Amino acid sequence: MQRWSGGTMNVIENSPFTKKLSAFATLSEDELAVLERLHQRRRTFAAGSDLVHQGQPEQAAYILAAGWACSYKIQQEGTRQIVDFQIPGDFLGLRSVLLRTSDHSIEPIVEIEAAEVLADDLLEVFASTPRLAAAILWAASRDEAMVVEHLVGLGRRDADARMAHFLLELGARLALVGMGSKTGYTCPLTQYHLADALGLTAVHVNRVLRQLREAGLVTFRDGQVTFDNFDRLVALAEFDPGYLDQAGPILK
């Protein structure tokens, strides 16, 4: 077994990606060493400049270490649909590595730091560390479950419940990587981001947020989401976090 210095071990053990995967598997020192190698090619990207383009071939994936990004598709008439937001610990463009072309674009919302992961890197992980490969597959499956939940929200929830569910889901995701709690979290999203993600206009987003605030449920102001009454907000959204699968590791 490879032995690490305490400082290096602490860095990778406390990284958002490790915290996220640890919800599925208790990782060994050897598996942590593999994760450390995946983080070696670190890059920074400016806000608003796509790092993956829809239709781009042979694209690398990235592990988001700091900052927020969004995945989106542009329709022919120019409108944008945000598919999901990525937070620290998430993979960016994982499908783009395994498919021939990227089926979506990825834009940093703020300046981000990310580790570049090539297809050969992933294939080596899959071949050499099956438990870690299973954890990455779990993360991808969890992302798919969130997309399904978003489709339900767009098709069946009214605007208040849709917004409440979205803010609660973000809070649960951030809590997993140590960046949120039942009291709230820091959030760099604008009302235009929320509009493009939730199928609303920016004016409607503003109205819904005001209604939720005046009802004493949640306040989103100056980049901070504050849960004023967490339990009532959960009831409004009918939020069941089971699809996020954060109950604890399956692989010990």
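Predicted model, so just to flag it, every value in this text is computed and none were measured.
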Which residues satisfy the side-chain hydrogen bond (donor to acceptor under 3.5 Å, both in side chains) test with [X], sequence neighbours excluded?
X      : value
Glu31  : Ser28, Arg131
Ser128 : none
His39  : none

Taking atom [atom1] of [X] and atom [atom2] of [Y], what is their separation to the nearest 0.5 Å?
X      : Y      : atom1 : atom2 : answer
Leu233 : Asp228 : CG    : CG    : 9.0 Å
Ile87  : Ile112 : CD1   : CD1   : 13.0 Å
Gln246 : Arg142 : CD    : CZ    : 4.5 Å
Leu132 : Leu38  : CG    : CG    : 7.0 Å
Glu149 : Leu244 : CD    : CG    : 8.0 Å
Leu27  : Ile12  : CG    : CD1   : 9.5 Å

(Q) Students often mix this up, so state it plainly: with edges at 30° and 60°, are the rings of Phe239 and His165 parallel, tilted or perpendicular? (A) perpendicular

Indicate yes or no for a side-chain donor-acceptor contact from [X] to the backbone of [Y] under 3.5 Å, with no hydrogens or angles considered.
X      : Y      : result
Gln224 : Tyr185 : yes
Thr79  : Gln75  : no
Ser181 : Thr183 : yes
Arg162 : Leu200 : no
Gln81  : Asp196 : yes
Arg42  : Ala114 : no

Could you verify whether a donor N or O on one side chain and an acceptor N or O on the other, from [X] and [Y], lie under 3.5 Å apart?
X      : Y      : result
His193 : Thr190 : yes
Thr44  : Glu113 : no
Ser71  : Asp84  : no

Are [X] and [Y] side-chain neighbours, meaning at least one heavy-atom pair lies under 4.5 Å?
X      : Y      : value
Thr219 : Val225 : no
Asp30  : Thr129 : no
Val205 : Leu209 : yes
Leu94  : Asp143 : no
Met163 : Leu212 : yes
Arg213 : Arg221 : yes
Gln191 : Phe220 : no

So, for [X] and [Y], which heavy atoms are closest and what is the spacing to 0.1 Å?
X      : Y      : result
Gly67  : Pro88  : O-CD, 3.3 Å
Ile109 : Pro188 : CG2-O, 4.2 Å
Gly199 : Leu154 : N-CD2, 3.8 Å
Leu64  : Gln86  : CD2-O, 3.6 Å

(Q) Tell me whether Arg37 is salt-bridged to Asp121, with the criterion being a basic N under 4.0 Å from an acidic carboxylate O. (A) no

Q. Are Asp90 and Arg173 ion-paired here, with the side-chain N under 4.0 Å from a carboxylate O?
A. yes

**Q.** Pairwise ring-ring contact (aromatic ring centres under 6.0 Å, His included) hits with a residue in residues 68-109, at least two apart
**A.** Phe17-Phe91, Phe85-Phe166

Q.
For residues 120-155, which residue pairs pass the ring-ring contact (aromatic ring centres under 6.0 Å, His included) check, not counting sequence neighbours?
A. Phe24-Trp138

[atom1] ([X]) with more than 12 external heavy atoms under 6.0 Å:
X      : atom1 : value
Glu238 : CD    : no
Glu144 : CD    : no
Tyr243 : OH    : yes
Lys182 : NZ    : no

I'd like to know if [Y] and [X] are part of one continuous hydrophobic network [Ile/Leu/Val/Met/Phe/Trp/Tyr, side-chain heavy atoms within less than 4.5 Å].
X      : Y      : value
Leu170 : Val83  : no
Met146 : Ile136 : no
Leu176 : Leu251 : no
Val125 : Leu123 : yes
Leu118 : Leu35  : no

Q: Under the salt bridge (Lys or Arg N to Asp or Glu O under 4.0 Å) rule, collect the residues that match up with Asp160, sequence neighbours excluded.
A: none

